[in-house]
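Please read the structure below before turning to the comments.
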Amino acid sequence: MKKILGAFDKGGNIWIAMHRLGLVTERHYQVRPIHIWTFLGGYSMQHQGKDVFSLLTALENKLYGVRLARSRLRESLVHAADRCYSHCNVQDYDGEQRAMFDLESYLNCIYSTLEIVSSVNRRADHRLPKGFRSQAKKNKYPLFAFDNWPWLPRFYDLRVMLTHYASPFPSLQEGAFLLEVDDPSGLEQFGKGRHRVLAEEILSYADGLVFLLDLWALHSLQGVSPDTEVFEVDVDDFVGPLKSKRTPARSFLEIADRFHKHALASAKDPKARELLSAISIQCQ
């Protein structure tokens, strides 16, 4: 996201939050399909309600939150495991508490991101149930099926235990969180007993999320016409209020199509190849 100084329709200037892809200078900087969809989706789904723009903007904010939360979790894990006085019989426990708090914050960021995604889906198809889990578990939106994403059921179980039951106790010297499950009802993978979840695995959930969202974005971008008009800002400098102009979505779809073809050519997982092979983006 960026903030731009634009002309207010009632006179004067005003700072406006906008998607960075609306700036030509930002167009090719670390662009993934999910970012293209959060930009184009609001324009292509305008007839589904004004709040689509807000939902997709919120999704960009959540993705930033996931990156920030993962960075903080990684930092807290390092500090909690680094004992200056390991020989003492009494030690502070605040390092472990911080790690557990940052873990919960990180998992909740991922969860709320998926909930926003499910809300966007419902704007496109009101027959879908509310909530990501319902759309995934009831096979109402097959792309989200837990079987497609090995990390997803483990993420859900860890978050459920952390949120609704009790905090896990980190075994940070071994780089893992220990989870004690007394009642496995409602869980996807973890049975009764003790489970050891590596911190490395937990940190990778963010990567799994982004790839899932890229697939979701590519799937959604199939319905965007190359002639869909979007607003962009093209400036030589950033002095004074900026003015926008209309431009077709074609160039953005071409970027997404290149990503799709590269991902398909390099995909090694059979399920990922199957999902990618079913996608065809209209660029002309």
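Position 1 is the first residue of the sequence; numbering continues from there.
- To the nearest 0.5 Å, the span separating OG on S204 from CZ on F155 amounts to 12.0 Å.
- The nearest pair of heavy atoms linking L276 to A267 is CD1-CB, 4.0 Å.
- With sequence neighbours left out, the ring pair (Phe, Tyr, Trp, His ring centres under 6.0 Å) criterion links F259 to no other residue.
- Scanning both residues, Q189 and P153, for their nearest heavy atoms gives NE2-CG, 3.8 Å.
- Residues passing the side chain to side chain contact (heavy atoms under 4.5 Å, CB included) test with A256, sequence neighbours excluded: I36, L218, L221, I281.
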Residues T113, L213; criterion side chain to side chain contact (heavy atoms under 4.5 Å, CB included); working and verdict: CA-CA 10 Å; T113 299; L213 295 184; 3.9 Å; yes
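- Scanning both residues, G41 and V52, for their nearest heavy atoms gives O-CG1, 4.1 Å.
- At a threshold of 4.5 Å between non-hydrogen side-chain atoms, the residues V230 and T247 count as touching.
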Dump the intermediate steps for side chain to side chain contact (heavy atoms under 4.5 Å, CB included) on D125 and Y141, then the final yes or no. CA-CA 10 Å; D125 186 354; Y141 199 81; over 6 Å; no
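- Ring centroids of Y156 and F146 are separated by less than 6.0 Å, placing the two rings close together.
- A donor-acceptor contact shorter than 3.5 Å is absent between the side chain of R122 and the backbone of S118.
- Using modelled atom types, no side-chain atom of S105 and backbone atom of F101 make a donor-acceptor pair closer than 3.5 Å.
- Minimum interatomic distance between L143 and W149 (heavy atoms only, all atoms of both residues): O-NE1, 2.9 Å.
- Note: W216 CH2 to I34 CD1 = 5.0 Å, rounded to the nearest 0.5 Å.
- Every residue two or more places apart in sequence or in another chain that forms a salt bridge (Lys or Arg N to Asp or Glu O under 4.0 Å) with K271 is listed here: E274.
- For the pair R273 (side chain) and L264 (backbone), a donor-acceptor distance under 3.5 Å is present.
- Atom CD of E200 sits about 10.0 Å away from atom CZ of R74, to the nearest 0.5 Å.
- The salt bridge (Lys or Arg N to Asp or Glu O under 4.0 Å) search around R196 returns E174, not counting sequence neighbours.
- Using a 30° and 60° split on the angle between ring planes, Y43 and F231 fall in the tilted class, from 30° to 60°.
- Residues in residues 205-225 take part in these salt bridge (Lys or Arg N to Asp or Glu O under 4.0 Å) pairs, two or more places apart or across chains: R32-D214, R70-D207.
- Remark: R67 engages no residue in a salt bridge (Lys or Arg N to Asp or Glu O under 4.0 Å) (not counting sequence neighbours).
- Through side-chain heavy atoms spaced under 4.5 Å, either directly or across other Ile, Leu, Val, Met, Phe, Trp or Tyr residues, Y64 is tied to L68.
- Residues that satisfy the side chain to side chain contact (heavy atoms under 4.5 Å, CB included) test with P129, not counting sequence neighbours, are S134, Q135, K140.
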Quick one: do F252 and T228 satisfy side chain to side chain contact (heavy atoms under 4.5 Å, CB included)? Show the steps, please. CA-CA 11 Å; F252 300 98; T228 299; over 6 Å; no
Candidate pair L114 and F144, rule side chain to side chain contact (heavy atoms under 4.5 Å, CB included), full reasoning: CA-CA 10 Å; L114 295 174; F144 293 163; over 6 Å; no
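- The list of salt bridge (Lys or Arg N to Asp or Glu O under 4.0 Å) pairs with a residue in residues 145-157, not counting sequence neighbours, reads R154-E201.
- Checking side-chain atoms of W151 against main-chain N and O of I202 turns up no donor-acceptor pair under 3.5 Å.
- Put simply, V210 and Y106 are part of two different groups of oily side chains (I, L, V, M, F, W, Y) that touch within less than 4.5 Å, one to the next.
- With a 6.0 Å radius and a threshold of 12 heavy atoms from other residues, nucleotides or ligands, R133 has its CZ atom above the threshold.
- By the 4.5 Å heavy-atom criterion applied to side chains, Y205 and L209 are not counted as neighbours.
- Listed by chain and residue number, nothing satisfies the ring pair (Phe, Tyr, Trp, His ring centres under 6.0 Å) test with H260 (two or more places apart in sequence, or in another chain).
- Judged by distance alone, with hydrogens and angles left aside, the side-chain atoms of T163 form no donor-acceptor pair with the main-chain N or O of V160 at under 3.5 Å.
- The heavy-atom pair separating A249 from V224 by the smallest distance is CB-CG1, 4.5 Å.
- Atom OH of Y111 sits about 12.0 Å away from atom NZ of K62, to the nearest 0.5 Å.
- By the side chain to side chain contact (heavy atoms under 4.5 Å, CB included) test, Q282 pairs with P226, sequence neighbours left out.
- Residue-environment remark: NE2 (H262) stays at or below the threshold of 12 foreign heavy atoms within 6.0 Å.
- Taking CG from L56 and OG from S119, the interatomic distance works out to 10.5 Å, rounded to the nearest 0.5 Å.
- For the salt bridge (Lys or Arg N to Asp or Glu O under 4.0 Å) test, no residue two or more places apart in sequence or in another chain qualifies with D183.
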Apply salt bridge (charged side-chain N to carboxylate O under 4.0 Å, His left out) to R98 and E75, showing your working. CA-CA 10 Å; R98 174 184 169 182; E75 181 182 354; 3.8 Å; yes
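- Scanning both residues, Q222 and I279, for their nearest heavy atoms gives OE1-CA, 3.2 Å.
- Considering CG of L103 and CG of L158, their distance stands at 5.5 Å, rounded to 0.5 Å.
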